[in-house]
Amino acid sequence: MIVLAFLVQTLRIAIPYLLASAGGVMSERAGLIGLTLEGYMLGGAFCGAVASYASGSATVGVIAAIAGGGILALLYAVCAIRFRADQVVVGIAINLLVIGLTRFFLRLIFDSSSNSPRVTGFAVTGGSGLAALVQNPLVWVGLAAVPLVAWVLYRTPFGLRVRAVGEHPAAAASVGVPVARVQYMAVVLSGMLAGVGGAYLSLDQHQFTDGMTAGRGFIALAAVVFGRWDPMRAGLACLLFAAADTFQIQLQGSQAIPSQFVEMIPYVLTIIALVGVVGRAVAPAALGRTASE
Amino acid sequence: MIPSTPATTIPAADTGPLAPLPAPASTRALRRSVLEEAILPPLVALLLAAVVGDVLILTFGQSPGAVFKLLLDGTWGNAYGFGQVLYKATTLVFTGLAVGLGLRAGLFNIGAESQLAAGGFCAALVGLMLPAGIPALLCLPIYMLAAALGGGAVGAVPGVLKARFGAHEVIVTIMLNFIVLALLNYLTSARLHVPDTLHTPELRSGGLPRLSDLVPAFQGSAANATILLALAAAIVLGWYLFRTRGGFELRAVGLQPRAAEYAGVNVAGVTWRALAISGAIAGLGGLNYVLGYKHYYEEGFATGAGFLGIAVALVGRNHPVGIVLAALLFATLSQGGLAVNALVPKQMVDVLQAVVILAVSTSVPEVRRLLRDARRSLTGRTTP
C-alpha cells in the first residue's frame with residue numbers, strides 16, 4: 001500500500017516534468033537551448049488558470065495554456081532565429097518576462113499579488129490517489145507525450161529534419177531542408193508541450209500561485225541533459241527526479257536526511273552525466289548556435 | 001555572444017567579431033563605429049521599453065506621464081531614492097563585471113547568483129569568528145578574501161569541469177545555482193540561523209559605513225562604502241583585461257580559442273581561471289549586503305541579482321565603463337518599480353527589464369549588420 005502511494009505520488013509529480021522535457025528534447029534536438037521551459041510552464045499555468053476561471057472549463061484552460069506556451073516559444077524563436085540573438089540571453093529574458101507579466105496580470109485581473117481564486121479543474125468523481133489520478137486526462141497526455149515525441153523524432157521525415165538541423169544545419173540546408181522553418185516548428189511545439197505541463201500544475205491545484213513552477217522547467221531541462229537528449233531516457237530521468245521529490249516529501253518531519261540534500265539530487269546527477277562518469281552526455285552538435293556572434 | 005562558435009545556420013553572411021571591417025578610413029572612423037554599435041541598441045531598447053510600459057500603464061488605467069514622472073522622482077529625484085539606486089547598482093556592478101569577464105573569455109557564467117550568495121555567506125561566516133572591536137579597515141581585506149574565495153570556489157567548479165571534461169558551463173552553472181543555494185539554505189537553517197529568522201547572527205566587527213553617515217540626506221537608504229569597492233573592481237578589471245598579458249590571453253581565447261591555442265595560450269588554464277575570477281568578483285558583491293547593509297547573511301538576498309548581471313553585461317557591452325552605466329540603469333528600474341507601486345503594480349518594471357534585454361540582444365546583430373552595410377555602400381562610392 002505504501003509502495004502504491006509512493007508510485008502514485010511520483011507519477012503525479014512527474015507529469016509536468018514529462019511534458020516539459022518532451023518539449024525540451026524537441027527544441028534542443030533542433031539546436032535551440034531549452035532554458036525557456038520554465039517560462040513556458042509558468043505562462044501555461046497562468047493562461048490555463050485564467051481561461052479556466054473565465055470559462056469554467058478545464059479544457060478551455062488547457063487550450064489557452066497551449067496557445068500561451070506556443071506564443072512565448074514563438075517569441076523565443078523569432079529572437080534567436082530571425083534576429084540571431086544569443087539563445088541564453090533571450091532565454092533568461094523570456095523567463096524574466098513571464099515572471100513579470102504573470103505578476104502584473106495577477107494584480108490586474110484578480111487584484112492579488114499572490115494567487116488566483118479557485119479555478120475549475122478536471123472533474124474527479126470520488127476516490128483519491130490512483131483513482132483520481134487516472135481520471136485526469138492530462139496525466140494520459142503527459143504519459144503519451146514522451147513516446148509520441150520519440151516517434152516523431154525517430155520515425156517521421158520531420159523528426160529526421162529536426163535532428164539534421166540540430167547536428168549540422170549547413171549540411172541540412174545544402175540538401176534543401178528549410179532550416180529556420182524546422183527550428184520554428186520544433187520550438188513552438190516545445191512551448192506548447194511545456195505550456196500543457198504548466199496547465200497541469202494550476203488545474204491540479206485549482207489555482208495559480210505566483211512563481212508556482214518553482215524551477216520545474218529547469219528540472220525538466222536537467223532531465224533532457226541527463227537523458228542525453230533522447231526522449232525516452234529523458235522521460236525516465238523525469239520519473240527518477242519525481243521519485244526523489246516524493247522521497248523528500250515523505251521524509252518531511254523526520255530529520256534523517258535534510259530536505260535540501262534530496263532537492264539537490266537532480267542537479268548533481270545532471271552534472272555527473274555531463275562530466276561523463278557513466279557514459280558521457282553529448283549535446284546535439286549545433287546546440288545554441290543560431291547567434292551571429 | 002558565444003564567440004567560439006560561428007553562425008552555422010547562416011551561410012557566410014556574418015563571420016562574427018573577427019571579420020575584417022570593410023576598409024575603415026581611419027582609427028577615428030573605427031572608434032566611431034564601435035561607439036555607434038554600443039549606443040544604438042540601448043537607445044532602441046529604452047524606446048521599446050517606454051512603449052511597452054505605456055501599454056501596460058494604460059491597461060491598468062493610469063496615465064503614462066504621471067507614472068514615469070513618479071519613477072524618476074522616486075529614484076533620481078530625492079536622496080533616499082538615489083541612495084537605494086546606488087545600493088542596488090553596487091551589487092549589479094559586481095555581478096555584471098563577473099558575467100562580462102566570462103563573456104570576454106567566451107564563457108557564459110549563469111552562476112553569478114549562487115556565487116554572490118556564497119561570497120556573502122563566507123564573509124558572514126568570517127564575521128562570526130572575528131573578535132569584536134577590530135577597526136573596519138583592518139578587517140576589510142579578510143572579508144574581501146573570504147567573499148572572493150567563496151564565490152571563486154563556486155565559479156571554479158564549472159571552470160574545471162569545462163577545461164577538464166568539456167562540460168558546458170551554461171548547464172553546469174545553472175545546476176550549480178540550485179545545488180549551492182540549497183547547501184547554503186541548509187547551513188543557514190540547520191546550523192547558523194538566529195531562531196525564528198532566516199539569517200545568521202550579526203558580524204562581530206568590521207561593518208562598512210553607510211553613505212548616510214557622510215551625507216545625512218541619504219538617511220534610511222542602504223548605500224554604503226562598498227560602492228567604492230565596486231568602482232575599484234571595475235577599474236582593476238579594465239586594467240586586467242586591456243593592459244595585462246593575462247587579460248590579452250583571456251580575450252584571445254574568447255575571440256578564437258583555436259587561434260589562441262596555436263599562438264601558445266594554455267586554453268584550458270585560461271578557461272578555468274576566467275570562471276574562477278568571474279565567481280570571485282560575483283562573490284565580492286556579497287559584501288554590499290553583508291558588510292555594508294544588514295551585517296548578516298540572509299537566505300535569498302542574492303535572488304535575481306545574478307540574472308540581472310547578465311542583462312547588465314549585455315547592455316554594457318562587457319566593458320567596465322558600460323557595465324557601471326548599465327548597472328545604474330537596471331538599478332533605477334528596480335528601485336523605480338517600488339516608487340510607482342501606488343499607481344501600477346511594481347512588476348511592470350520586471351517586464352520592462354526583460355524588454356530591454358530582449359531588445360538589446362536582438363538589435364545588436366541587426367545594428368551591426370546595418371552599420372556594416374552602410375559603411376560598405378559608402379566605401380563603395382568613394383573607391384569604386
Heavy atoms only, distances under 4.5 angstrom: which of [options] has the most pairs with chain A? Name it, please.
options                                : result
B/Leu308, B/Asn341, B/Val349           : B/Asn341
B/Asp350, B/Val344, B/Leu358, B/Val360 : B/Leu358
B/Leu176, B/Val356, B/Leu183           : B/Leu183
B/Ala182, B/Ala354, B/Pro345           : B/Pro345

Report the distance from atom [atom1] of [X] to atom [atom2] of [Y], rounding to the nearest 0.5 Å.
X        : Y        : atom1 : atom2 : answer
A/Ile33  : B/His168 : CD1   : NE2   : 6.0 Å
A/Gln87  : B/Phe108 : CD    : CZ    : 11.0 Å
B/Ile179 : A/Glu263 : CD1   : CD    : 11.5 Å
A/Leu101 : B/Met348 : CG    : CE    : 12.0 Å

Does the pair A/Asp86 and B/Val364 meet the rule for a side chain to side chain contact (heavy atoms under 4.5 Å, CB included), with working shown?
-> CA-CA 10 Å; A/Asp86 186 82; B/Val364 164; over 6 Å; no
What part of B/Leu352 lies closer than 4.5 angstrom to a heavy atom of chain A: side chain, backbone, both or neither?
-> neither
What part of B/Ser189 lies closer than 4.5 angstrom to a heavy atom of chain A: side chain, backbone, both or neither?
-> side chain
State which residues pass ring pair (Phe, Tyr, Trp, His ring centres under 6.0 Å) with B/His319; sequence neighbours excluded, sorted by chain then number.
-> B/Phe242
Residue, of A/Leu287, A/Ile99, A/Val268, that accumulates the most heavy atom pairs under 4.5 Å with chain B = A/Val268
When heavy-atom pairs shorter than 4.5 Å are enumerated against chain B, which of A/Asn95, A/Leu96, A/Ile92 gives the highest number?
-> A/Ile92
Can you label the angle between the B/Phe178 ring and the A/Phe218 ring as parallel, tilted or perpendicular, going by 30° and 60°?
-> tilted
Test B/Ile174 against A/Tyr267 for side chain to side chain contact (heavy atoms under 4.5 Å, CB included), laying out the working first.
-> CA-CA 9 Å; B/Ile174 294 172; A/Tyr267 311 114; over 6 Å; no
Could you tell me which portion of A/Leu106 (side chain, backbone, both or neither) has an atom closer than 4.5 angstrom to a non-hydrogen atom of chain B?
-> neither
Any idea which heavy atoms bring B/Gln347 and A/Phe104 closest together, and the distance?
-> CB-N, 4.0 Å
B/Ser361 to A/Ala85 - nearest heavy-atom pair and separation | O-CB, 3.2 Å
Determine, stepwise, if the pair B/Ile171 / A/Leu274 fulfils side chain to side chain contact (heavy atoms under 4.5 Å, CB included).
-> CA-CA 9 Å; B/Ile171 308 256; A/Leu274 269 181; 3.6 Å; yes
Side chain to side chain contact (heavy atoms under 4.5 Å, CB included) evaluation trace for B/Phe60 with A/Leu108 = CA-CA 7 Å; B/Phe60 214 75; A/Leu108 185 67; 3.1 Å; yes
